[in-house]
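What follows is a single structure, written as structure tokens, with notes after it.
Whatever order the structure lists them in is the order used to number ligands and atoms, beginning at 1. Excluded from the calculations below are hydrogen atoms, water molecules and symmetry mates; all remaining heavy atoms, backbone and side chain alike, are included.
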Amino acid sequence: MSVDNTQLANAIRFLSIDAVNRANSGHPGAPMGMADMAVALWQNHFSHNPNNPKWLNRDRFVLSNGHASMLQYSVLHLTGYDVSLDDLKSFRQWHSNTPGHPEIFETPGVETTTGPLGQGIATAVGMALAEKILAAQFNKEDYPIVDHYTYVFMGDGCLMEGISHEACSLAGTYKLNKLIVLYDDNGISIDGKVDAWFSDDTPKRFEAYGWNVIKAVNGHDTDAVSTAIDNAKKSDKPTLICCKTHIGYGSPKVDTAGVHGSPLGKENRQITAEKLGWEYPEFEVPESIYQAFNACEKGSAAEAKWNALFAKYEQQYPELAAEFLRRSRGFLPEDFSEKMDKFILDLQQTADNVATRKASEMVLDFVGELLPEMTGGSADLTGSNNTKHKSSRIFSHENPAGNYLSYGVREFGMSAMMNGMANHGGLIPYAGTFLVFSDYARNAMRLSALMKQRVIYVMTHDSIGLGEDGPTHQPIEHVASLRVMPNMMVWRPCDAVETAVAWQQALENNQGPATLALSRQNLAKPERDEQQIASIRKGGYVLRTGRDMTLVATGSEVELALSVAEKLADVSISAQVVSMPCYDIYRQQDEAYQEETIPSNKPRVVIEAGSTMIWEGLVANNGFVVGMDSFGASAPANILFEQFGFGVDTITERVKTFLQN
Ligand SMILES: Cc1ncc(C[n+]2csc(CCOP(=O)(O)OP(=O)(O)O)c2C)c(N)n1
Ligand SMILES: [Mg+2]
């Protein structure tokens, strides 16, 4: 039985047209333009098993131009994944597994959430990087247990976005030769013909990054695309295949922005069907085409072959094999939690008054040895973020088994790449920059949160406490703004012990990312008993008991709150002090615990050198917030704290006045 490639591509085209028509919303143009590229990739190259979308050694596919989601859903459906025709008919509807843009948690076979243009390609770079690292760490002669490609489709929009520069530049330097990117070069984006706003010489750009570039391939010639992929596989560099395509191929709206994001409609479907020789009604695909696409048998055979290889590997290298499976499943070693608890208790005795960024390094020295899957890095601030630890080995093309990356000054790219590593599995990525530059990374942090990926952001220099670098470097609103992000756990620890608990919680939570907001300056370690130490993980706990009122503080301001409580004691005001390193988690505690820590009938004052807005609810009508609602300034930290209202005497007086009124 032979079905010609054009008809296979037409099946993708018409499923896409029909689903978008039915939803009366969506993007038919790109799926129609990329359908032939898809046939070339899935018919001749893509190694996967629709019966087991999580097969560890599958090729990864990322649709960076996520608006073309119907292309991906059509392929998943046709190749035999659990994506039914009914699912396609429910495209973009409530509770369907075919949402507007691909979501990793909705659809089997979708490897990452895409839609924010540019991030898909950067995420894919992270996946290819993970493959390279894991291959170097686990493969043995004759046992290539980690050995797969990462394929990407991307459009003009991804190339215009700056993040594609960050990630592709690094992919070139790292020589990620198993990354193969197909560019949907259709000359159109939403505003029309791109020449007027996007005239880069894209091949030259990628050559300059050190990529293998295959130019001017006819994207509607499946043989040409397939040959290009063959050539890409032979390269020792990442490859960009520039596929010249026509958006909305075959329709009356071909080559226009009009077909980018609106349904074709019934009439245009009819005209297109006649032009392309597609004689089937809506949502109907002939059995011969299903058979030609179905990858279940081939996929099961490919997986079985790998399973056999892995079984032999397991015999030869039982410990490595067990470690590979543990890491791939995202489990921590069984005794991790216990070891960490003990480490935390010891820290209460042994730790000095250090900056929490330094404390974080101390924790990393400890956990780095226990968790070889931790893959660290920094956006060119290693010495400031203290992200490198005793067991760090620098990753490079020459040393791919490394576990530490100098990402260069690329906060957004770094964060999206970490998402890719987490999506891939086998690694726990963490990396640092200054907290103030979380804005640069932010949309990737948002995707970590949306995808519930364990990515750990080490964000240092967390307030005006960084001092002389001034307001451009002093985060004010960042802690608050990250706290409002769903699934993002934000920790702002006050000392080494809380920093260790923050790391423990971040590592043990494989249901979302964490941000650790850490100080540049040294902070005093408060006294605590075991019960208090055990309560840190509740997000907030009583450090000092008191009857009359409650002072709530985070991070560097905890020390300050304790001093204020001392001063208040001099005038017979008994203040309870609550340290609140993680407000998100504290809010999830039961009412009794919240009442015990912050009694609702007593006045309360929150002290945090950041935006006051998110604390308004906590102080309600019975208290106030000492915070920062303006930008900072350039001066030594102690002067800044005094000048911006964080002096012990200033706060003590404000509290006294409040209690008197
Ligand atoms: C970061 C980001 N900005 C804007 C958008 C909205 N958007 C979706 S598609 C698109 C145009 C993309 O052009 P191209 O990649 O060439 O897609 P084509 O029209 O060729 O399908 C825009 C601006 C987005 N999804 N992500
Ligand atoms: Mg385009």
Q. Can you check whether F91 reaches L15 side chain to side chain, under 4.5 Å on heavy atoms?
A.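 F91 vs L15: side chains apart.
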Q: Kindly indicate whether atom 6 (C) of ligand 1 is approached by any protein heavy atom to under 4.0 angstrom.
A: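 So atom 6 (C) of ligand 1 lacks protein heavy-atom neighbours under 4.0 Å.
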[atom]: nearest protein contact (heavy atom, Å):
atom	value
atom 26 (N) of ligand 1	L117 N, 3.1 Å
atom 20 (O) of ligand 1	N186 ND2, 2.7 Å
atom 15 (O) of ligand 1	G157 N, 2.8 Å
atom 3 (N) of ligand 1	E161 OE2, 3.8 Å
atom 22 (C) of ligand 1	I190 CD1, 3.4 Å
atom 25 (N) of ligand 1	G115 O, 2.8 Å
atom 19 (O) of ligand 1	H260 ND1, 2.6 Å
atom 13 (O) of ligand 1	S189 CB, 3.3 Å

**Q.** Atom CZ of R454 with >12 non-hydrogen neighbours under 6.0 angstrom
**A.**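 For R454, atom CZ is crowded (more than 12 foreign heavy atoms under 6.0 Å).
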So that I can check it, does any N, O or S atom in [X] come closer than 2.8 Å to the Mg ion (ligand 2)?
X	value
I188	yes
S189	no
D185	no

Q.
So is I247 touching ligand 1 or not, going by heavy atoms under 4.0 Å?
A.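 So I247 counts as touching ligand 1.
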Could you list which atoms of ligand 1 come closer than 4.0 Å to a heavy atom of [X]?
X	answer
D156	14 (P), 15 (O), 16 (O)
I188	14 (P), 16 (O), 18 (P), 19 (O), 20 (O)
A30	21 (O)
G155	15 (O)

Q.
Taking the basic N atoms (NZ, or NE/NH1/NH2) and the acidic carboxylate oxygens, is any pair closer than 4.0 Å for R13 and D36?
A.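 Answer for the salt bridge query: yes.
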Q | Ionic contact status for R60 with E131, cut-off 4.0 Å | A |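 The answer is no: the pair does not qualify as a salt bridge.
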Q) Does D184, backbone or side chain, put an N or O under 3.5 Å from an N or O of ligand 1? A)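 No.
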Q | Distance-minimising heavy-atom pair for I188 and A257 | A |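 Closest approach of I188 to A257, heavy atoms only: CG2-CA, 3.7 Å.
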Q) At their closest point, which heavy atom of L63 faces which heavy atom of P102, and how far apart are they? A)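 Scanning both residues, the minimum pair turns out to be CD2-CG, 4.1 Å.
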Q. Out of N44, N231, D221, which residue meets the side chain to side chain donor-acceptor pair (under 3.5 Å) rule with S226?
A.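 Testing S226 for a side chain to side chain donor-acceptor pair (under 3.5 Å) against N44, N231, D221 leaves exactly one candidate, N44.
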Q | side chain to side chain donor-acceptor pair (under 3.5 Å) partner of Q119, chosen from N443, T114, T113, T112 | A |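 By the side chain to side chain donor-acceptor pair (under 3.5 Å) criterion, Q119 pairs with just one of N443, T114, T113, T112: N443.
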Hey, would you say the [X] and [Y] ring centroids sit under 6.0 Å apart?
X	Y	answer
H461	H478	no
H45	Y151	no
Y290	H77	yes

(Q) Need the atom name: nearest N/O/S atom of D156 to the Mg ion (ligand 2). (A)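 Looking only at N, O and S atoms of D156, the one nearest the Mg ion (ligand 2) is named OD2.
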Q) Just checking, any donor-acceptor pair under 3.5 angstrom between side chains of S611 and R483? A)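 No, no side-chain donor-acceptor pair sits under 3.5 Å.
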Q.
Does only the side chain of Q119 get under 4.0 Å from ligand 1, or the backbone, or both, or neither? Count heavy atoms.
A.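 Neither part.
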